[in-house]
Number of protein chains: 2
Amino acid sequence: MKLSSRSRYGFRAILELAVAYGEGPIQIKTIADREDISNKYLEQLIAMLKAAGLVRSVRGPRGGYTLAKPPSEIRLDEVFSTLEGPLVAVDCLEHATFCSKCTDCVTRRIWSQMQDAVLNVLRAKTLQDMVDMAQGLDKNGTYHI
Amino acid sequence: MKLSSRSRYGFRAILELAVAYGEGPIQIKTIADREDISNKYLEQLIAMLKAAGLVRSVRGPRGGYTLAKPPSEIRLDEVFSTLEGPLVAVDCLEHATFCSKCTDCVTRRIWSQMQDAVLNVLRAKTLQDMVDMAQGLDKNGTYHI
DNA sequence: TAGAATCCTATTAGTTTACTAGTTTATACA
DNA sequence: TGTATAAACTAGTAAACTAATAGGATTCTA
């Protein structure tokens, strides 16, 4: 139940992009410096976000990354599952035929409730919500952990 | 966000003990056979549950394991955190001094909400609830996944 | 006192995590 | 048209974790 730094770093990075949405591309180096993340490692995380279609890139001088859509159109569960893998606690929640007792299984019900609880939190929010929260709280635009 | 088989196996095992509560000790071999888990691996998982004070052991012939308390007094979050480690999504949720922006941190708020969502599911239920669910659903007393 | 059961310690193949390093490709600008 | 800039791509790696397996020591009962 520990979040990987993939998620922690990735969320902080995409939040930087969300805050700067509409102001042109931001470079990896900028984000890495600001959030104190390894340049090369962040590069790989952002590549994941790009592959998922959440982020767009511009190559060459004055290039960098921008959100592919407005912050209000990117739900947090999209970001999370891109970085952390599918939001499935156990396989039998996806494949109903996984085991013979699947529909009757008590532990499966608990895992299902846990999974739904997390999913509801993340599905209910977009990057815009995080931007709004940030602007209400923090004046200088830096975010941590 | 994938549950380890430590949790999956461990929960199934302690549920067996909960169902049999008050009927004397059950051997590892019995549970391992019934739940199709490696004998030696289950031994280690139950050792964790014992170290956490959730399970009691009786050595020698006709020995085995029983719950240390009635099923109604063991909450699911106790079992979960014993097997899966502390239910803390990120370190800065435990240590408020972890980083300078901790109180203002936006991502931290999201992790906090996620963690609370899971915790609420697990804290609200005891092993007795699982036993009740099982008895309403399944006549032959076997549980899977 | 035989044997059934837990208890304890060690080992291991495979995977994942969190990086680092180096090279290649595209492009704005002089 | 050259050059600096920044993403893109590929590979490697030490450390930790996962899911076991192995073997013996200890304890208690019948």
Pairs of donor and acceptor atoms involving the side chains of residues 46-62 of chain B, under 3.5 Å and at least two apart or interchain, shall be tabulated with distances.
from: B:Lys50; atom 1: NZ; to: B:Ser57; atom 2: OG; distance (Å): 3.1
from: B:Arg56; atom 1: NH2; to: B:Ala68; atom 2: O; distance (Å): 2.9

Does C:dA5 have OP1 or OP2 under 4.0 Å away from a side-chain N or O of B:Ser57?
no
Does C:dA18 have OP1 or OP2 sitting under 4.0 Å from an N or O in the side chain of A:Ser38?
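It does not, given that no N or O in the side chain of A:Ser38 lies less than 4.0 Å from OP1 or OP2 of C:dA18.
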Spacing of [X] atom [atom1] relative to [N] atom [atom2], expressed in whole Å:
| X | N | atom1 | atom2 | value |
| --- | --- | --- | --- | --- |
| B:Tyr41 | C:dT12 | OH | P | 18 Å |
| B:Lys29 | C:dG3 | NZ | P | 17 Å |
| B:Lys40 | C:dC7 | NZ | P | 12 Å |
| B:Gln27 | C:dG3 | CD | C1' | 14 Å |
| B:Met48 | C:dC8 | CE | C1' | 15 Å |
| A:Ile37 | C:dT20 | CD1 | C1' | 16 Å |

Between atom [atom1] of [X] and atom [atom2] of [Y], what is the distance when rounded to the nearest 0.5 Å?
| X | Y | atom1 | atom2 | result |
| --- | --- | --- | --- | --- |
| B:Leu122 | B:Ser81 | CG | OG | 9.0 Å |
| A:Lys2 | A:Arg8 | NZ | CZ | 8.5 Å |
| A:Phe11 | A:Leu76 | CZ | CG | 5.0 Å |

If you pin A:Gly60 and B:Arg62 to their nearest nucleotides in DNA chain D, which one's is more 5'?
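Here A:Gly60 is the residue nearer the 5' end.
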Result for 5'-nearest mapping on DNA chain D, choosing between B:Glu84 and B:Asn39, is B:Glu84
Does anyone know the first and last nucleotide of DNA chain D in reach of chain A, 5' to 3', at under 4.0 angstrom to a heavy atom?
D:dA4 to D:dA11
Side chains of B:Val131 and A:Val106: closer than 4.5 Å at any heavy-atom pair?
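Contact flag for B:Val131/A:Val106 side chains = no.
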Decide yes or no for A:Lys29 and A:Asp33: does some side-chain heavy atom of the first lie under 4.5 Å from some side-chain heavy atom of the second?
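Yes, at least one pair of side-chain atoms sits under 4.5 Å.
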Nucleotide nearest A:Arg59 when distance is taken to its side chain, options C:dC19, C:dT17, C:dA26:
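Shortest atom-to-atom distance from the side chain points to C:dA26.
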Heavy-atom donor-acceptor pair, A:Gln44 side-chain to C:dT20 base, under 3.5 Å:
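Yes.
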Regarding C:dC19, can its base be found pairing with the side chain of A:Glu43 as donor and acceptor, where the two atoms are less than 3.5 Å apart?
no
Counting any heavy atom closer than 4.0 Å, what does A:Lys50 reach on the DNA or RNA strands: base, sugar-phosphate only, or nothing?
sugar-phosphate
Report which part of the nucleic acid A:Ile46 touches: base, sugar-phosphate, or nothing (heavy-atom distance under 4.0 Å, all strands).
nothing
Quick one: do B:Thr30 and B:Glu16 satisfy side chain to side chain contact (heavy atoms under 4.5 Å, CB included)? Show the steps, please.
CA-CA 10 Å; B:Thr30 307; B:Glu16 291 269 0; over 6 Å; no
Earlier contact from the 5' end, DNA chain C, for A:Leu3 and B:Tyr65
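Its nearest nucleotide lies further toward 5', so the answer is B:Tyr65.
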